[in-house]
Amino acid sequence: MNRRAARGRAEPEPVDEMAALSPEGRRILDVVAEAVGDRKVETGAVLDRPRISVDAEDIADVCSALKTNPDTAFKTLLCIAAVDYKEYIQIVYLLHSSKEEQTLAIKTDLPYENPSLPTITNVWRAADWYEREAHDLFGVEFEGHPDLAPLLLYEGFEGHPGLKEFPFHEYEEY
Amino acid sequence: MTMLNEGQQVDLLMNMGPQHPSTHGVFRMLLRVDGEVIVDAEPHIGYLHRGSEKLAEGEQYHQVVTLFDRMDYISNFNNEWVFCRAVEKLMGAEVPERAEYIRVILGELNRIASHLLFLGTFGLDAGAMTPVMFAFRGRERIQALFEGVSGARMMHNYVHVGGVKEDVPPNFKEMMAELLADLREDVEECDRLLSFNEVFVARSKDIGAIDLDTAIDYGWTGPCLRACGMEYDVRRAEPYSIYDRFEFNVPVGRDGDCWDRYFVRVLEMYESLRIIDQALEGMPEGEVNSVGGRLVRPPKGDVYVRAENPRGEIGVYLVSDGTDKPYRVKVRPPSFCNLSALRLLVKDSYIADAVVILGSLDIVLGEVDR
């Protein structure tokens with residue numbers, strides 16, 4: 001690869017999301033689609049990792065199906081990431097299966113105003129703190145979470161500092 | 001003030017931290033105790049929350065590396081490395097062979113330094129005052145080498161996107177040979193001093209045990225998970241960088257108690273030394289950075305990379321909008337997940353054991369709070 005391209009200054013090529021996905025990853029997507037059953041699922045990729053997108057209200061069912069299904073066995077919840085895309089908020093769940101040695105991303109989009117979706121704390125206890133964090137920083141409401149008390153912020157903090165609209169970089173550099 | 005009737009009992013609420021020598025940073029635990037036994041515990045974190053993930057959105061990619069230094073400040077190289085890998089993967093940039101070897105050597109040295117720090121402070125938690133002196137001597141030797149290579153004892157800002165900042169000093173091999181001879185002795189000495197000490201074993205064996213399924217449920221990774229008996233290491237399962245070229249074992253525990261978590265880390269130090277030996281042997285000459293400039297603009301898209309840090313599996317979810325600053329950086333901090341199980345672990349244990357249990361998790365609050 002020449003330096004120009006490596007610096008990322010080359011003209012962007014038309015993106016084929018699935019291009020970097022391995023055959024193994026494609027196979028997992030088929031298995032996942034089957035395990036999820038008749039719920040609405042859209043498949044894709046996060047660069048080289050398989051990705052599915054589901055409706056927000058299905059998330060708990062999808063997660064528990066993927067965890068318990070012996071073909072998928074996504075037993076570990078690695079991470080829950082919230083991303084503010086200004087028009088909507090996206091929640092990304094990263095699941096890992098040591099049986100298949102695959103990491104799966106589940107994306108779900110929430111409206112910008114009053115984002116809320118079902119909790120998955122009853123599927124993984126690891127979700128507890130991640131959901132509290134997303135609630136702190138992005139104001140995402142997780143229905144059914146036992147205790148959404150502030151985790152990283154202090155009691156009584158106003159606003160959600162993770163959001164793009166929260167002023168953070170408005171300082172002068174000297 | 002209400003008077004208690006004879007025979008009536010109430011639980012006592014006790015505050016531990018945030019400024020407490022055995023919480024390893026600014027961490028607070030609210031303990032509900034019945035005599036000396038903990039009935040319930042509520043961990044409070046966030047005292048070190050600096051909003052690193054949000055700060056990263058306002059910095060250029062090469063500046064974000066410095067923020068990663070300050071997350072897990074005990075294993076800086078490993079943290080810089082994982083972020084740079086995320087950017088490189090998104091850009092499709094190749095890293096020169098020599099830079100990969102330098103990264104592996106420094107990353108593994110950092111693992112030993114981190115585990116030595118753990119060994120010393122864990123000894124302190126259990127009441128052994130001597131090992132920390134020996135462990136810090138070994139760690140200080142490693143820090144001195146880091147200073148020779150990057151110019152800083154901690155907060156190196158040495159791993160850059162596309163490789164490393166600059167080549168190692170010309171006498172690197174001699175420095176390493178000298179260090180490794182001493183370090184091997186240091187590790188063995190610490191191991192002999194503490195591991196099978198009768199008092200230490202009595203304080204840590206069968207304390208804070210957790211079974212494998214619960215550990216996985218809490219998202220445990222790294223030495224803590226391996227102590228429960230699962231042979232899982234990202235370096236082995238999903239080899240990144242050049243880890244597929246080295247021979248090393250993945251130490252596994254059996255009971256998932258404090259002593260197992262401790263001993264897995266001790267064995268890991270020996271394995272890291274093995275990896276360093278192999279890496280030094282195979283280190284080629286050549287360039288150390290393929291990107292050259294500092295300004296990088298990865299294409300639009302997102303990526304998730306994983307790596308094995310001393311504390312467990314770290315993950316970086318990076319979203320790029322094609323500009324010179326990341327759109328969103330989300331870190332999966334290993335100690336965050338490990339710590340979330342603390343409430344379960346300390347329940348029904350003695351207060352003195354809670355200190356040992358917390359120490360055995362080896363948390364770094366800079367990473368928990370980000």
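Chain identifiers are assigned alphabetically (A, B, ...) following the order of the sequence lines, protein sequences preceding nucleic acid strands; residue numbering begins at 1 within each chain.
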- Message: The test is ring pair (Phe, Tyr, Trp, His ring centres under 6.0 Å); show your working for A:Y154 and B:H44 and say whether it passes.
- Response: CA-CA 10 Å; A:Y154 51 87; B:H44 285 263; over 10 Å; no
- Check whether A:L151 gets within reach of chain B through its side chain, its backbone, both or neither, counting any heavy atom under 4.5 Å. both
- Task: Could you have a look at B:D213, B:V161, B:L344, B:V303 and say which one has the most heavy-atom pairs with chain A under 4.5 angstrom?
- Result: B:V303
- Indicate yes or no: does A:K67 engage B:D217 in a salt bridge with an N to O separation below 4.0 Å. yes
- Smallest separation among heavy atoms of B:K54 and A:P161, with atom names: CD-O, 3.2 Å
- So the side chain to side chain donor-acceptor pair (under 3.5 Å) pairs with at least one residue in residues 75-86 of chain A (sequence neighbours excluded) are none
- Tell me, please, which residues at least two apart from A:S22 pass side chain to side chain donor-acceptor pair (under 3.5 Å). none
- Item | Gap between atom SG of B:C337 and atom CG of A:L78 - 0.5 Å precision | 8.0 Å
- Message: Please tell me whether A:F157 and B:H49 form a close aromatic pair, meaning their ring centres lie under 6.0 Å apart.
- Response: no
- Note on the structure: Highest number of heavy-atom pairs under 4.5 Å with chain B among A:T103, A:D136, A:L94, A:L153 belongs to A:L94
- Query: For A:L95, is it the side chain, the backbone, both or neither that has a heavy atom under 4.5 Å from a heavy atom of chain B?
  - Reply: neither
- Task: For residues A:V92 and B:Y304, determine if any side-chain heavy atom of one lies less than 4.5 Å from a side-chain heavy atom of the other.
- Result: no
- Max heavy-atom pairs within cutoff under 4.5 Å with chain A, candidates B:S340, B:A341, B:G46, B:G301, goes to B:S340
- Side chain, backbone, both or neither of A:V123 within contact of chain B (heavy atoms, under 4.5 Å): backbone
- Query: Quick one: are B:L339 and A:W129 in side-chain contact, heavy atoms under 4.5 Å?
  - Reply: yes
- Message: Less than 4.5 Å to any heavy atom of chain A: does that hold for the side chain of B:Y218, its backbone, both, or neither?
- Response: both
- Engaged part of B:E53 at the chain A interface, taking heavy atoms whose separation is under 4.5 Å: side chain
- Got a sec: does the CG of A:N114 have more than 12 other heavy atoms crowding it under 6.0 Å? no
- Should we say atom CZ of B:R32 is surrounded by more than 12 heavy atoms from elsewhere, each under 6.0 Å from it? no
- Which region of B:R306, side chain (C-beta onward) or backbone (N, CA, C, O), has a non-hydrogen atom less than 4.5 Å from a non-hydrogen atom of chain A, or is it both or neither? both
- Contacting region of A:K164 [heavy-atom separation from chain B under 4.5 Å]: both
- For the pair B:E238 and A:R49, find out whether any cationic side-chain nitrogen is under 4.0 Å from an anionic carboxylate oxygen. yes
- Query: Considering only heavy atoms, which portion of A:I80 lies under 4.5 Å from any heavy atom of chain B: side chain, backbone, both, or neither?
  - Reply: backbone
- side chain to side chain contact (heavy atoms under 4.5 Å, CB included) against B:L67, all qualifying residues, sequence neighbours excluded: B:L55, B:A56, B:E59
- Using heavy atoms and a sub-4.5 Å threshold, report which of residues 319-336 of chain B line up against chain A, by residue number. B:V319, B:Y327, B:R328, B:K330, B:R332, B:P333, B:F336
- salt bridge (Lys or Arg N to Asp or Glu O under 4.0 Å) between A:E101 and B:R236, worked out: CA-CA 11 Å; A:E101 195 39 51; B:R236 175 65 59 77; over 6 Å; no
- Where do A:A126 and B:G219 come nearest, in terms of heavy atoms and distance? CB-N, 3.8 Å
- Message: Between B:Y317 and chain A, with a heavy-atom cut-off of 4.5 Å, which part of the residue counts as in contact: side chain, backbone, both or neither?
- Response: side chain
- Do B:I216 and A:W124 touch side chain to side chain, with heavy atoms closer than 4.5 Å? no
